[in-house]
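The chains referred to below are lettered A, B, ... by the order of the sequence lines, with proteins before strands, and numbering in each begins at 1. Please read all numbers here as calculations on a predicted model, not as lab measurements.
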Amino acid sequence: MDARYQAKPIEEKWQKLWAGEQAFHVTEDPAKPKFYVLEMFPYPSGRIHMGHVRNYSIGDVVARYKRMRGFNVLHPMGWDAFGLPAENAAIERKVHPQAWTQENILYMKTQLKRMGLSYDWHRELATCEPEYYRWNQWIFLQFYKKGLAYKKSSFVNWCPSCATVLANEQVIDGACWRCDSSVIQKELEQWFFRITDYAEELLKDLDQLAGWPDKVLTMQRNWIGKSIGAEIDFPLVGHHGELKIFTTRPDTIFGATFVSLAVEHPLALPLSAGTAQANAVKLFIERFKNISQAKRGADEGEKEGVFTGAHCRNPFTGENIPIYLANFVLMEYGTGAVMAVPAHDQRDFEFAKKYSLPIRVVIQADDKDVTADELAEAYVDEGVMRDSGEFSGAPNVNGKAMIAAFAEAQGFGRPAIRFRLRDWGVSRQRYWGTPIPIIYCAKCGAVPVPEDRLPVELPKDVPFSGKGGSPLQESAVFLQVDCPKCGGGARRETDTMDTFVDSSWYYLRYTSADCKTAPVDVNKGRYWMAVDQYIGGVEHAVLHLLYARFFTKALRDIGLTHVDEPFANLLTQGMVSKETYQCSEHGWLFPNELSGAEKDGWRCPQCGRAVDKGRVEKMSKSKKNIIDPEDLIAAYGADTARLFTLFAAPPEKDLEWSDQGVEGAYRFLSRLWRLVHRHRDLWSAANTAGAGEEPNAELRDLRRQIHRTIKKVSDDIDGRFHFNTAIAAIMELFNSLSAAAQDPAKRAAGAAILREGLESIMLLLAPFAPHVASELWEQSGHDERLDHFAWPSYSEAALADEQLLIVVQVNGKVRGKMTVPAEITQERIEASAMADARVMSFCDGKKIKRVVYVPRRLVNIVVEG
RNA sequence: GCGAAAGUGGCGGAAUUGGUAGACGCGCAGGACUCAGAAUCCUGUGGGGUAACAGCCGUGGGGGUUCGAUUCCCCCCUUUCGCACCA
């Protein structure tokens, strides 16, 4: 055995061994409790980064821990392999996206293996493989049959120069991220998934996700955005029909003095036609319709509008009120028309002030009488209804339902619920994604590709010009097809699916990745689902996690899974960050570029200016504060990399990178290595044979600490995820064992206890630093492998205190401490507390008001003065 | 603007139910070993104070509840994140 800890040969040895025997391959075993732990699968961008290291280290601790606890652990890994970077690589470097992606996957897989992660590689999947995406297409067809997938025209971000739709994330300050031209709103035919059908259930079931962070639940709740209110019809004056408006404040309807329409509202032009306002309305629409909603209000949310020249009647007051167009009204929400109540809505208030429209107070605060003239801003709080006909005098909170019910009874309205959540637009004008399995026939219209002709594979011979529009349009082989219905000439849909579709059900596929007849083998899914622990970045709090929840429910309704929710518990880990260096003139600098020395301040190598030791920021290429995990592993090994990322911060918080912290983790493993090495004879026949003598008090204390550590580490890992304190406890135990081992007397009398302690450390460390733990276990003479060994258990008897440390306080301040036998009575403790000279000096003859005794912890003597 | 989370030594962080604030690690200081350095080991390390001890101050600021508050309540400040005209 080498006296020095060298990570590399050890890690290579164990990784080879694990791979050779497929140590982490699992199958359904009804005899064992299952545990499904999953980390969000990576995009194969080229190499892993520290965020991956952190994410997968956390997951691997959970997987290895649960395995040692006797669970049948499913811990799979795969690749979220479709997406834009591959296509950009194709455009810039003339590599086919497929080749680029495949190469990246191969490389990153070797990197993951070098981390010693305990994956079942049998279940590996890549979403860009036809065997995977054929099921995207199959699911799409099921959705289509059920009306959950449909095509409609909608406004999208459009870059005129690239001729493509852009995702919201690709629009930067209203301009295209690639060519910087101004993005416009364009109406396009797009495929949608009807996620709104599940809005109510998606909202309601958040309540059963007790194992999710509140932050994520709140974000999803806000995103779904349920509003309860009423729909009211305002009859048009001088035109047929009515304006439907939605409001959450029907109680204020007697204060509605005008109505505002969205710029896109279909009645905008017809209503103004033939009036003096016709031209002004046209200009107003022209001005705003191509601007995205975010930019319409300029910087300060400036309200702008124009009178349409038309009126409608407020059905409650019978009054004719003007109809305006307003830049802040959204067409996609509600009905695109709102009743405006300036006295009780801040936006309407500003609008009314600007255009001198009447303001009528109909809700009065309980204590004061407010007139419209006195209002400096809208009154939006609760109060009592007034000037509201027969409803006057009612509390406005009751008024909401009363007004809605009244309108329904009269036939000009009804209670209504609206959601902010919109249907999910899944069409992308890109190549590197799942082709949408639809064929357009001049005679038959949109025809689904028959299921037995799936997958619709991506053609290989496609040019990547970067000109925009889907490259699939350039492939005649792909485009031209016979109509499945009439056999006539037809063309394929050239849009591909949003890559979020791929990741919406991959966790189901892992349960039966080899299933050839369906996306998932229902029986295997029944055994493994739901995911017991899901781990990933908080940036997916809404998009991915909401889509996956929707898919689970939709697939459940198709009969593919029995669960309502995919992820029982969710851990959102923080970012990995590091300090940055910035020169005011030359921008971000790499630490190794700096000139000068830390103690008299770093300087810029170009201009010699003092460099700010900048803020700690998320690692990114642009800020030049990246640490490549590859370098880290090469220098210290995977165990150190894992131990450091788990020790430096609790998983849900941001982790600040520290070179010295890494050194510290490495130093700990080296010390442990040395200690075991030096005391290998603890496992020799002479030391393991025969019962030792009864240990003395100090050794009994050491034994107690061993068992306490086992308990603490177990509790910290299980459910709490406080890996940092678990590791700290292991270090503390190590320090005690190390000290005891150096004491010849303890070493001689306590061999059995030292051995128990060191073995416990190896077992407790196994989930965190599996290679070194396994190696030490083997080196200390164990025949059975560490990773086949059960998690250590602690004995309640060994935990029990023999002595207690009792803190003595006077008026809440610590004034003394005493060690007493554990079975001592309260009277005896209080008596000896009073007898303590130092304690008494603080009481100093003052009257003792009371004595508080906290069992086994402290005595607080409360004195006067 | 609204919502959420957080603020503890020189630094990362600990204190699980209101009960010894600062575990563990880093850094720093002193010492041992060494021709010397690296590595390693030992000791110390919140502030101020002392010969040493003690008392004193101390968890962003201010107030409150309590025998006792990092922990609970109210107000304020700062930071981070999310949403941002959703009627």
Out of B:U20, B:A87, B:A84, whichever nucleotide has its closest atom nearest the side chain of A:Val338: B:A87
Lys/Arg-Asp/Glu bridge criterion (N-O < 4.0 Å) met for A:Glu656, A:Lys578: no
Glycosidic class, syn or anti, of B:G55 using a 90° window around 0: anti
Salt bridge present between A:Asp214 and A:Arg221 (N-O < 4.0 angstrom): no
Pair A:Arg708 + A:Asp801: basic N to acidic O under 4.0 Å: yes
Strand partner of B:C85, provided both Watson-Crick or wobble distances fall under 3.5 Å: none
Short side-chain N/O contact from A:Asn735 to OP1 or OP2 of B:G25, under 4.0 Å: yes
side-chain N/O A:Arg857 vs B:G19 OP1/OP2, d < 4.0 Å: no
Along RNA chain B (nearest heavy atom to each residue), the more 5'-positioned of A:Phe246 and A:Gly812: A:Gly812
Phosphate-side-chain proximity, A:Arg815 and B:G68, N/O vs OP1/OP2 below 4.0 Å: no
Contact pattern, 5' to 3', of nucleotides 6-15 of chain B - B, S or - by protein heavy atom under 4.0 Å: ------SSSS
B:A69 OP1/OP2 closer than 4.0 Å to side-chain N/O of A:Lys813: no
Pairing nucleotide - B:C67, Watson-Crick or G-U, each distance under 3.5 Å: B:G19
Options B:C81, B:G25, B:C86, nucleotide nearest the side-chain atoms of A:Met731: B:G25
Donor on one side chain, acceptor on other, A:Arg549 and A:Gln220, under 3.5 Å: yes
Under 4.0 angstrom between A:Ser260 side-chain N/O and B:A87 OP1 or OP2: no
Any N/O donor-acceptor pair, A:Arg249 side-chain to B:A87 base, under 3.5 Å: no
Selected nucleotide, minimal atom distance to A:Ala728 side chain, candidates B:G19, B:C24, B:G82: B:C24
Atom C1', compared across B:A32 and B:G47: separation rounded to whole Å: 31 Å
B:U20 to B:G58 separation - C1' atoms, rounded to the nearest Å: 15 Å
Donor/acceptor link under 3.5 angstrom from A:Arg422 side chain onto base of B:C86: yes
Side-chain heavy atoms of A:Leu571 within contact of A:Ile58, under 4.5 Å: yes
Distance in Å, A:Trp424 CH2 paired with A:Ile195 CD1, rounded so as to fall on 0.5 Å steps: 7.0 Å
A:Lys215 (side chain) and B:C81 (base): donor-acceptor pair under 3.5 Å: no
Smallest separation among heavy atoms of A:Leu669 and A:Ala769, with atom names: CD2-CB, 4.3 Å
Interface polar pairs with nucleotides 41-50 of chain B, N/O, under 3.5 angstrom:
unit_1: B:C41; atom_1: OP1; unit_2: A:Arg671; atom_2: NE; d: 3.1

Spacing of the P atoms in B:A5 and B:A87 (rounded, Å): 23 Å
Nucleotide of B:A87, B:U20, B:G55 approaching A:Phe842 most closely (side-chain heavy atoms): B:G55
5' priority, RNA chain B, between A:Asn860 and A:Val538 [closest heavy atom]: A:Asn860
Closest contact, heavy atoms only, A:Met818 versus A:Ser832: CE-OG, 3.8 Å
A:Val61 and A:Leu646, any side-chain heavy atoms less than 4.5 Å apart: yes
Shortest non-hydrogen separation from A:Arg815 to A:Val839 and the atoms involved: O-CG2, 4.1 Å
